[in-house]
Amino acid sequence: MLCAALATIVPPGAANSQQGRDPANQEPTDMRIRMAFDGRIMTATLYNNPSARDFFSMLPLHLIVSDYAHNEKIAYLPRKLTEEGSGPFGNEQPYDLCYFMPWGNLAMFYADYRHPGLIRLGRFDEGEQALHVRGEFPLHIERI
């Protein structure tokens, strides 16, 4: 009964104020990035979660992008991102941009994947075919 009474006095906007804290939040934001390597340009839209916001705050970055396994490219960040509120997510798809918590690197998928140690940061909007180019290259990431 007390819980029901308290629930009625919580302002309607209070529940919505936590929306941006959801690690699985896949709501696009106005945080857009451009990645360039090997003369190719990709763009991505970041999601509304603490790790994506932390990544965006680090830009611009100059990194090295390289192949990993058979389905992704990776790039090591200069420091680890916040894992505040991290948790599992579903519906993994090629062209997701993720953060791999154990190693502290970006994971850019161009084929199917599944791994519990990931936080999804966003999705590529265009130019994602560049991820299929094999090799190691200087990578520039900036806000747009």
Side-chain angles (χ1 to χ4, degrees), residues 3-4 6-7 9-144:
C3 290
L6 289 175
I9 62 170
V10 173
N16 292 338
S17 70
Q18 296 298 314
Q19 180 179 7
R21 299 186 187 282
D22 179 1
N25 188 326
Q26 296 175 36
E27 291 297 318
T29 66
D30 60 355
M31 295 185 297
R32 296 198 62 235
I33 63 171
R34 178 181 297 119
M35 296 182 161
F37 73 90
D38 190 39
R40 301 165 192 277
I41 295 176
M42 304 178 296
T43 62
T45 299
L46 301 182
Y47 292 149
N48 189 17
N49 65 55
S51 300
R53 288 189 297 274
D54 190 21
F55 171 58
F56 195 70
S57 76
M58 297 172 71
L59 302 179
L61 289 171
H62 296 279
L63 308 172
I64 300 293
V65 64
S66 58
D67 300 311
Y68 186 81
H70 63 282
N71 63 342
E72 69 182 290
K73 285 199 171 298
I74 64 171
Y76 289 93
L77 295 169
R79 67 164 172 82
K80 289 195 168 196
L81 298 178
T82 182
E83 297 173 10
E84 175 189 339
S86 64
F89 60 89
N91 72 337
E92 296 91 339
Q93 300 175 49
Y95 310 118
D96 282 342
L97 173 62
C98 298
Y99 173 68
F100 185 57
M101 293 180 287
W103 293 353
N105 64 277
L106 293 178
M108 299 164 264
F109 292 97
Y110 55 84
D112 292 335
Y113 73 97
R114 183 161 302 221
H115 195 283
L118 294 166
I119 297 173
R120 187 165 19 209
L121 301 176
R123 291 231 357 119
F124 287 98
D125 301 318
E126 60 183 80
E128 64 274 359
Q129 292 301 317
L131 295 173
H132 296 271
V133 176
R134 305 289 296 170
E136 183 175 290
F137 306 97
L139 171 68
H140 177 73
I141 308 172
E142 64 187 13
R143 297 175 183 200
I144 52 174

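Residue numbers count from 1 along this sequence.
- For the pair Asp54 (side chain) and Thr82 (backbone), a donor-acceptor distance under 3.5 Å is present.
- Taking CD of Glu84 as the start and CZ of Arg53 as the end, the distance is 7.5 Å to the nearest 0.5 Å.
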Query raised in the report: Given the rule in the side chain to side chain contact (heavy atoms under 4.5 Å, CB included) test, do Leu81 and Leu121 qualify, once you have shown the distances and angles that lead to the verdict?
Result: CA-CA 11 Å; Leu81 298 178; Leu121 301 176; 4.3 Å; yes
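- Of the possible polar contacts, none joining the Asp96 side chain to the Cys98 backbone as a donor-acceptor pair under 3.5 Å is found.
- Judged by distance alone, the side chain of Arg120 and the main-chain N or O of Gly90 form a donor-acceptor pair under 3.5 Å.
- The minimum heavy-atom distance linking Ile119 with Ser51 is given by the pair CD1-OG, 3.3 Å.
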Query raised in the report: Should Gln129 and Tyr95 be marked as a side chain to side chain contact (heavy atoms under 4.5 Å, CB included) after you check the CA-CA gap, both sets of side-chain angles, and the distance that decides it?
Result: CA-CA 9 Å; Gln129 292 301 317; Tyr95 310 118; 3.2 Å; yes
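- Remark: side-chain polar atoms of Lys73 are paired, donor with acceptor, to backbone N or O of Gly135 under 3.5 angstrom.
- A distance of 12.5 Å separates OH in Tyr99 from CG in Asn49, rounded to the nearest 0.5 Å.
- One N or O on the side chain of Lys80 and one on the backbone of Pro102 form a donor-acceptor pair closer than 3.5 Å.
- Both tests pass for Arg143 against the ring of Phe56: distance under 6.0 Å to the centre and angle within 45° of the axis.
- With Tyr68 as the fixed residue, the ring pair (Phe, Tyr, Trp, His ring centres under 6.0 Å) test singles out one of Phe100, Tyr113, Trp103: Trp103.
- Using a 4.5 Å cut-off on side-chain heavy atoms (C-beta onward), Asp112 and Asn71 make no contact.
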Report task. Would you check, one step at a time, whether the test side chain to side chain contact (heavy atoms under 4.5 Å, CB included) holds for Ile141 with Met35? Result -> CA-CA 4 Å; Ile141 308 172; Met35 296 182 161; 3.8 Å; yes
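- Between Phe37 and Leu131, the closest heavy-atom pair is CZ-N, 4.4 Å.
- The structure places CZ of Arg32 at 5.0 Å from OG1 of Thr43, a figure rounded to the nearest 0.5 Å.
- The shortest side-chain heavy-atom distance between Pro138 and His62 does not fall under the 4.5 Å cut-off.
- The line from CZ of Phe137 to CZ of Arg40 is 7.5 Å long, rounded to the nearest 0.5 Å.
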**Report entry** Full working for side chain to side chain contact (heavy atoms under 4.5 Å, CB included) between Arg123 and Glu128
**Finding:** CA-CA 9 Å; Arg123 291 231 357 119; Glu128 64 274 359; over 6 Å; no
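- A heavy-atom distance below 4.5 Å is found between the side chains of Leu97 and Phe124.
- Heavy-atom neighbours of Arg114 CZ from other residues, nucleotides or ligands within 6.0 Å: at or below the threshold of 12.
- Summarising the geometry of Ala107 relative to Ile74, their closest heavy-atom pair is CA-CG2, 4.4 Å, with the distance given to 0.1 Å.
- Remark: side-chain polar atoms of Asp67 are not paired, donor with acceptor, to backbone N or O of Arg134 under 3.5 angstrom.
- Closest heavy-atom contact between Leu77 and Met58: CB-CE, 4.3 Å.
- Proximity of a side-chain donor or acceptor of Thr29 to a complementary backbone N or O of Leu46 within less than 3.5 Å is detected.
- When all heavy atoms are compared, the tightest approach of Gly127 to Met42 is O-CG, 3.0 Å.
- Residues Met108 and Val65 are in side-chain contact: their nearest non-hydrogen atoms beyond the backbone lie under 4.5 Å apart.
- Separating the CZ atom in Phe55 from the OH atom in Tyr47 is a distance of 14.0 Å, to the nearest 0.5 Å.
- Between Thr45 atom OG1 and Glu126 atom CD the span is 9.5 Å, to the nearest 0.5 Å.
- Scanning both residues, Ala75 and Leu63, for their nearest heavy atoms gives CB-CD1, 4.1 Å.
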